[in-house]
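Take a look at the structure below.
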Amino acid sequence: MSNTQIQKIVIVGGGTAGWISAAALAKLLPPSISVTLIESDSIATVGVGEATIPQIRRLNGMLGLNENTFLKATKGTIKLGIEFSNWGKIGESYLHTFGDVGLNLSNLQFHHYWKRAQEEGKQSSLWDYSLHHKVAYSNKFDRLERIGKTGMTGLSYAFHFDAGLYARFLRNFAETSGVTRIEGFVKQTVLNPHTGFIDHVKLENGTQIEGDLFIDCSGFRGLLIDKALGVSYQDWTHWLPCNRAIAVPSQSTRPLVPYTKSIAHTAGWQWCIPLQHRTGNGHVYSDQFMQDETALEVLLSNLDSTPIAEPNHIRFTTGRREKFWHKNCISIGLSSGFLEPLESTSIHLIQSNISRLIELLPTKKMEPANSNEYNRQVSKEYELIRDFIILHYHCTQREDSDFWRYCKNMDIPDSLKQKLELFSATGRIHKEPEDLFREASWVQVMIGQGLIPQSYHAMADRLSTDQLEKFLADIDAIIAQAEAQLPSHEDFLTRNCQL
Ligand code: FAD
């Protein structure tokens, strides 16, 4: 082994970010690189990341986790998408599903055919052609890669799970894979006086822990990246004004729906996440537009079942670190930035960032080329997700409160402005390579929020009226047949993880 290879990685923090990072590093790096994780029992984890996106299945695959064991251990359920209610307009709702809608024909996205049919007088919703929509609202699920030889893809899914059980599950996996866990409170971060790199961290009991590379997973505290290295934070509150959340679990309800619910209120929104043993709920709001007491009342009066714990109040500032990797420190998780949980993207960012770090693993020389490339990629991914989340707030017809009037009329990033103009005029989406969200996601949210394109692509006119009619009828029939064969979501869970 070359003596320039790093030998010791130290992770500070044992929340979801710390344990995902530890598990991935221990699984993929050679045993010559030791991984130590420090966490303090006296500082609770944020404990609220309970909804995911389909990329989580890649993480499970990379770690070699069995999906049924994972679902059982975390009391998880299936997620096919997010139902957004009252976002575009009060009383309206739509489902942002993880799948395609309809079938793309001759490389042309399905919604162009749908739009043409609308113009020719057909009264149908875009979601009438979504398998995910049909399956989600019938409370059904099974693993389905594709639908026979129809060319239509099957069900793309993610999970809801108990954040505490998930962290325990990952910890067990990581420790079994060779990670050393140290319980202790990090009191001081000591820098090398010549280079400014982190030399070691000092615990309250005096123990010093040295490392070549430090991963800051200390949550909103940003113990290393902020407090020790002083990397500043880009505040995005002017685009994403929500800065408070109140979370409260409530009794489990049946049937277990296979999707997250997001209900817009007058100064934010409420989530509802069905788990096997309880429901996770929370109200995300802006304290500029609503008082904490009112926000709590709104949350408690909109629960589907009785609360089973005291409400947990959380403060945050949406935005990101100027640099995610500085000197020999990489911030992952909440210490790196925060985009509110509207599209459940935080856990994905943890996994994509740890994968990136493994790809760009430095030697002891800490080549700046690695950190520059890492910072470039992460900034881009953050900004694209940011735009997607702003879309939900800005593209609305709501003007019933100061909060919604602000969101509707606020200035938005140019990158999003261009996307909206292009889609509004032509129905086209310009998808950048780093964008986490697929074209089908952008289309569903734009149309769901009430933005209907003014025209469709001329290629949709290649079908005759009869062919178009048949094309749509065939999709309808294929979806109905596929859905009819699926078991209920609860039957799936009972069969696979003894619900
Ligand atoms: P934390 O969970 O805060 O962990 C920090 C760790 O650092 C703890 O172990 C603590 O003990 C340790 N620590 C701190 N200081 C010290 C010290 N001095 N010494 C030793 N140890 C220390 N994400 C999703 O993907 N889906 C969601 O649905 C979702 N919902 C969310 C809802 C809300 C309201 C919020 C705020 C976040 C949500 N997230 C969601 C984000 C998700 O919760 C986080 O990304 C995830 O939990 C990672 O947190 P973390 O590990 O970075 O920090």
Side-chain angles (χ1 to χ4, degrees), residues 80-138 146-156 391-392 394-398 417-431 437-484:
L80 293 169
I82 306 173
E83 179 191 71
F84 289 98
S85 302
N86 301 339
W87 279 85
K89 225 183 200 180
I90 294 178
E92 286 188 358
S93 63
Y94 69 95
L95 194 68
H96 167 204
T97 75
F98 294 137
D100 287 332
V101 177
L103 181 61
N104 300 340
L105 198 64
S106 310
N107 270 335
L108 182 64
Q109 290 262 313
F110 173 78
H111 66 276
H112 291 277
Y113 297 98
W114 169 77
K115 169 72 181 153
R116 180 186 149 193
Q118 294 279 103
E119 287 190 9
E120 290 177 7
K122 191 161 177 74
Q123 305 268 318
S124 64
S125 137
L126 181 70
W127 287 267
D128 288 348
Y129 306 99
S130 159
L131 173 68
H132 287 70
H133 184 270
K134 182 126 185 130
V135 171
Y137 285 126
S138 321
R146 58 184 56 79
I147 312 177
K149 291 182 183 151
T150 60
M152 283 177 72
T153 48
L155 292 172
S156 176
L391 167 69
H392 298 65
H394 179 67
C395 186
T396 183
Q397 292 145 67
R398 284 188 69 159
K417 219 179 268 175
Q418 282 158 15
K419 267 210 169 79
L420 285 169
E421 281 168 8
L422 182 67
F423 186 75
S424 171
T426 68
R428 267 164 254 167
I429 297 288
H430 169 64
K431 184 178 168 355
F437 290 98
R438 295 152 1 105
E439 284 168 82
S441 287
W442 284 93
V443 169
Q444 290 177 76
V445 174
M446 286 188 186
I447 293 182
Q449 298 279 139
L451 182 67
I452 307 294
Q454 287 154 32
S455 65
Y456 58 86
H457 196 288
M459 277 168 69
D461 284 335
R462 283 171 62 91
L463 296 185
S464 67
T465 303
D466 286 351
Q467 283 171 326
L468 179 63
E469 189 70 27
K470 181 169 180 327
F471 175 55
L472 296 180
D474 285 350
I475 293 174
D476 203 30
I478 292 166
I479 289 175
Q481 202 182 14
E483 182 266 330

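Only this structure's heavy atoms are used, side chains among them; waters, hydrogens and symmetry mates stay out. Worth saying up front: this structure is predicted, and the values here are computed from it rather than measured. Starting from 1, each residue takes its place in the sequence as its number.
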To the nearest 0.5 Å, what is the distance between [atom1] ([X]) and [atom2] ([Y])?
| X | Y | atom1 | atom2 | answer |
| --- | --- | --- | --- | --- |
| Leu80 | Phe98 | CG | CZ | 8.0 Å |
| Ile90 | Arg398 | CD1 | CZ | 4.0 Å |
| Gln449 | His392 | CD | NE2 | 6.0 Å |
| Ile147 | Ile478 | CD1 | CD1 | 7.0 Å |
| Ile479 | Met152 | CD1 | CE | 4.0 Å |

Gln467: side-chain hydrogen bond (donor to acceptor under 3.5 Å, both in side chains) partners, not counting sequence neighbours: Ser464
Measure the shortest side-chain to side-chain distance between [X] and [Y] over non-hydrogen atoms and say whether it is less than 4.5 angstrom.
| X | Y | value |
| --- | --- | --- |
| Asp128 | Ile475 | no |
| Val101 | Val443 | no |
| Phe423 | Ile447 | yes |

How close do [X] and [Y] get, counting heavy atoms only, and between which atoms?
| X | Y | value |
| --- | --- | --- |
| Trp127 | Leu95 | NE1-O, 2.7 Å |
| Gly151 | Leu103 | O-CD1, 3.5 Å |
| Leu422 | Ile429 | CD2-C, 4.3 Å |
| Leu472 | Ala117 | CD1-CB, 3.7 Å |
| Leu131 | Ala482 | CD1-CB, 4.0 Å |
| Leu108 | Ala460 | CD2-N, 3.5 Å |

By salt bridge (charged side-chain N to carboxylate O under 4.0 Å, His left out) - contacts of Glu483 (at least two apart): Lys140
Using residues 450-459 as the side-chain source, report each donor-acceptor pair under 3.5 Å to any protein atom, sequence neighbours left out, with the distance given to one decimal.
residue : atom : partner : partner atom : Å
Gln454  : NE2  : Ser424  : OG           : 3.4
Ser455  : OG   : Ala425  : O            : 2.9
Tyr456  : OH   : Asp461  : OD1          : 2.8
Tyr456  : OH   : Asp461  : OD2          : 3.4
His457  : ND1  : Met459  : N            : 3.0

Pair Lys431-Trp442, side-chain contact (heavy atoms from CB on, under 4.5 Å): steps then yes or no: CA-CA 9 Å; Lys431 184 178 168 355; Trp442 284 93; 5.7 Å; no
Exam field: side chain Arg116 to backbone Leu463, donor-acceptor pair closer than 3.5 Å: yes
Flag, side chain of His111 to backbone of Gly427, donor-acceptor distance under 3.5 Å: yes
CD/Glu469: more than 12 non-hydrogen atoms of other groups inside 6.0 Å: no
Gln123 atom CD, over 12 foreign heavy atoms within 6.0 Å: no
CA sep, side-chain torsions, deciding dist, call: Lys417, Glu421, salt bridge (charged side-chain N to carboxylate O under 4.0 Å, His left out): CA-CA 6 Å; Lys417 219 179 268 175; Glu421 281 168 8; over 6 Å; no
Option passing ring-ring contact (aromatic ring centres under 6.0 Å, His included) with Phe471 (candidates Tyr113, Tyr129, Trp114): Tyr113
Derivation and outcome, side-chain contact (heavy atoms from CB on, under 4.5 Å), residues His96 and Trp87: CA-CA 12 Å; His96 167 204; Trp87 279 85; over 6 Å; no
Test side-chain contact (heavy atoms from CB on, under 4.5 Å) applied to Glu439 and Gln109, step by step: CA-CA 9 Å; Glu439 284 168 82; Gln109 290 262 313; 3.8 Å; yes
NZ/NE/NH1/NH2 to OD/OE distance under 4.0 Å, Asp466 and Lys470: no
Reference residue Thr97; test side-chain hydrogen bond (donor to acceptor under 3.5 Å, both in side chains); the match among His132, Gln444, Lys134: Gln444
Tyr94/Leu126 under side-chain contact (heavy atoms from CB on, under 4.5 Å): CA gap, chis, key distance, verdict: CA-CA 10 Å; Tyr94 69 95; Leu126 181 70; over 6 Å; no
